[in-house]
**Student:** 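Below you'll find the structure I mean.
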Amino acid sequence: MTRLVLKVEGMSCSHCENRVKKAVGALSGVSGVDVNLAEKTVTVQLDPAAVSEKQIRDTIQDQGYEVE
Ligand SMILES: [Cu+2]
């Protein structure tokens, strides 16, 4: 299990937080998603054999947020 911390721009409220959590959490291989709005971070617990960092980045971008 790997922990990935991404800097994400554009998340401003709990709506954004839930949107990112739901989308990333739906990927197979992801076992946990945590959003910190103040620090603009998304922390993901993942199985690197099942999901790639790129898939997670793309999923967040598809929701309309910028991943640094
Ligand atoms: Cu929002």
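For ligands, and for the atoms within them, numbers begin at 1 and follow the listed sequence. The structure presented is a predicted model; accordingly, all values stated were derived computationally and were not measured.
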**Student:** Inspect the surroundings of NZ in Lys21 and state if more than 12 heavy atoms from other residues, nucleotides or ligands are less than 6.0 Å away.
**Tutor:** yes
**Student:** Can you tell me if Arg57 uses its side chain to pair, donor with acceptor, with the backbone of Glu68 under 3.5 Å?
**Tutor:**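 At least one qualifying donor-acceptor pair exists.
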**Student:** Mark yes or no for whether Arg19, through its side chain, and Gln63, through its backbone, hold a donor-acceptor pair below 3.5 Å.
**Tutor:**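 Such a contact is found between Arg19 side chain and Gln63 backbone.
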**Student:** Of all residues at least two apart in sequence or in a different chain, which pass the side chain to side chain contact (heavy atoms under 4.5 Å, CB included) check with Thr2?
**Tutor:** Leu46, Pro48
**Student:** Are there any protein N/O/S atoms under 2.8 Å from the Cu ion (ligand 1), and if so, which?
**Tutor:** Cys13 SG, Cys16 SG
**Student:** Does Glu39 use its side chain to pair, donor to acceptor, with the backbone of Asn36 at less than 3.5 Å?
**Tutor:**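 Here the side-chain-to-backbone pair does not exist.
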**Student:** Do the side chain of Ser14 and the main chain of Glu17 share a donor and acceptor less than 3.5 angstrom apart?
**Tutor:**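 Between the backbone of Glu17 and the side chain of Ser14 there is no qualifying donor-acceptor contact (under 3.5 Å).
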